[in-house]
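Counting starts at 1 for both ligands and their atoms, following the listed order. Note that this is a predicted model, so its numbers are computed, not measured.
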Amino acid sequence: MLDRGGFGRDGAAMIPVADPPERIRLADAQDLLAGFKARFQLPAGVIYLDGNSLGALPKATPERLRRTLEEEWGGDLIASWNKHDWIGAPARVGAKIARLIGAKPSEVVVADSTSVNLFKLLVAAMGVQGGRRVILTEPDNFPTDGYIAEGVAGLLNGCALRTAPAAELEAAIDDDTAVVLLTQVHYKTGRRWDMERVNDVARRRGALVIWDLSHSTGAIPVDLGGSGAELAVGCGYKYLNGGPGAPSYLYVAERLQSRLASPLSGWMGHAAPFAFAPNYQPAPGVARFQCGTPPILSLLALEAAVDLMLEADMAAVAAKAEALSDLLIAEMASACAAHGFALITPRRFADRGAHVAFAHPHAYEICQALIAEGVVGDFRAPDALRLGPAPLYTSFCDVWRAVQTLEAVMQRRLWDRPDYRTRARVT
Ligand SMILES: Cc1ncc(COP(=O)(O)O)c(C=O)c1O
């Protein structure tokens with residue numbers, strides 16, 4: 001029997017799905033990025049549409065980690081900080097990520113988690129906004145963004161958190177607004193903000209904007225410099241494929257760097273950590289936003305994955321993200337009509353990211369049934385089935401087969417099982 005990793009329905013055979021039609025096979029044959037799929041370790045027979053949540057494992061990563069563990073840590077021990085430039089990894093990997101997001105190498109550093117980076121940038125940004133005391137965000141931003149903003153508002157005297165729905169957000173930026181905090185591509189619906197436009201409105205009204213790029217980088221064109229962005233953070237484990245809990249990156253535009261102070265003034269953000277000076281002196285530049293000792297194993301796993309992505313032309317990556325998600329939306333049209341799915345993602349790629357979400361009252365159970373059939377997406381409460389093709393390793397045939405499988409799951413009511421109604425801790 002086919003080894004499909006941890007997937008499958010109690011050892012039962014998968015639903016048979018017909019071969020994709022010529023037009024779909026042709027799309028794969030003409031795909032400039034098709035060769036990247038073989039550079040990832042993917043379980044046979046599984047169609048992985050959850051790279052927007054946890055990216056797949058690049059085949060280069062285990063060897064990179066083996067070297068780091070056995071030769072560097074095991075062989076050179078503490079000398080590795082200098083000999084293998086572990087100490088330079090946060091800046092080095094940051095400079096590589098900068099190339100993916102339209103930033104200068106000196107504007108990005110890898111550190112901590114996205115949540116912690118949000119905290120650091122929010123507090124730092126509030127610190128330079130004088131009498132302005134409002135953090136403005138969307139009511140349904142990704143939870144950690146809202147929670148961190150809530151925490152910062154509670155911590156800083158007189159600071160308040162306000163929310164405005166997307167349609168009213170621009171108008172809500174006023175003289176009290178210190179910082180606007182937005183996720184460029186919405187984690188659930190995939191709706192995309194026009195970064196340049198929001199930056200422009202905010203700048204004219206005196207507010208700073210912090211962008212969360214977690215669902216953008218590696219999926220859509222991001223041009224922080226060109227769009228006038230000043231501050232950003234993002235996940236390393238989604239489209240960047242850095243691995244579970246991979247460190248995050250943060251961006252501070254050069255012109256702001258010397259003005260901003262990190263509230264987590266750890267020694268790795270010090271100008272001279274090994275001077276062991278009694279008082280904190282921030283490092284020049286974005287390095288001041290490092291805090292403690294970097295997690296070298298996960299940082300170097302992230303580097304291996306970023307190196308792989310840098311081999312791809314980012315314009316081709318974005319074009320394929322568009323084509324794959326367009327195909328997904330088009331192929332789902334009949335399932336939407338026949339089985340009660342509602343597309344909650346904007347249709348135009350300019351208005352969305354690479355993942356596509358459909359509302360359905362039984363989305364959780366359907367997601368479990370799909371996973372059992374080897375099609376991996378995820379569920380986001382209360383009712384969204386999220387499917388995220390990843391340009392580097394999802395093929396057009398994958399998308400087509402995923403929709404065929406979904407149709408079969410619906411026709412055979414495979415989702416209607418009591419065990420699929422019990423929610424796991426991670427959905
Ligand atoms: C928009 C967004 N921000 C942040 C995070 C996660 O942050 P952290 O890595 O700190 O858990 C996610 C995770 O899915 C996310 O979707």
Side-chain angles (χ1 to χ4, degrees), residues 49-56 90 93-94 97 101 108-123 135 137-152 163 166 169 179-193 195 198 209-220 222 224 229 231-251 264 289-292 294-295 298-299 301-302 305-306 344-345 352-357 367 376-381 384-388 390 424-427:
L49 299 180
D50 214 2
N52 54 306
S53 202
L54 173 65
V93 183
I97 293 173
I101 55 179
V108 181
V109 71
V110 174
D112 303 313
S113 63
T114 306
S115 305
V116 173
N117 285 337
L118 279 167
F119 175 82
K120 292 185 293 189
L121 288 192
L122 255 181
V123 175
I135 300 171
T137 190
E138 288 189 81
D140 57 351
N141 198 346
F142 185 76
T144 212
D145 300 59
Y147 300 160
I148 292 286
E150 228 177 282
V152 169
T163 60
L169 192 119
V179 182
V180 181
L181 171 62
L182 293 176
T183 299
Q184 190 197 10
V185 172
H186 194 273
Y187 78 100
K188 189 162 29 182
T189 65
R191 177 177 40 72
R192 185 198 307 195
W193 284 99
M195 184 183 275
V198 175
V209 185
I210 301 178
W211 291 103
D212 183 336
L213 302 177
S214 293
H215 294 274
S216 309
T217 306
I220 63 166
V222 181
L224 292 176
L231 300 163
V233 299
C235 277
Y237 49 77
K238 299 181 187 294
Y239 295 102
L240 285 185
N241 308 306
S248 153
Y249 53 92
L250 65 84
Y251 157 90
L264 298 181
F289 282 98
Q290 294 181 70
C291 180
S298 39
L299 187 41
L302 174 62
V306 170
I344 56 171
T345 301
R352 61 174 167 80
H355 69 265
V356 182
C367 186
V376 184
D378 63 20
F379 166 81
R380 286 295 173 263
L385 172 67
R386 215 171 48 151
L387 301 173
R425 285 180 70 187
V426 176
T427 63

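Residues passing the side chain to side chain donor-acceptor pair (under 3.5 Å) test with K238, sequence neighbours excluded: none. Looking at residues two or more places apart in sequence or on another chain, you find a side chain to side chain donor-acceptor pair (under 3.5 Å) between R386 and D378. With sequence neighbours left out, the ring pair (Phe, Tyr, Trp, His ring centres under 6.0 Å) criterion links F119 to no other residue.
Taking the six-membered ring for Trp and the full ring otherwise, H355 and H215 have centroids separated by under 6.0 Å.
Using a cut-off of 4.0 Å between Lys/Arg side-chain N and Asp/Glu carboxylate O, K188 and D140 are scored as not salt-bridged.
Side-chain atoms of T144 and S115 form a donor-acceptor pair, as typed in the model, at a separation below 3.5 Å.
Each of S113, T114, S115, F142, T144, D145, T183, Y187, D212, S214, H215, C235, Y237, K238 has a non-hydrogen atom positioned under 4.0 Å from some atom of ligand 1.
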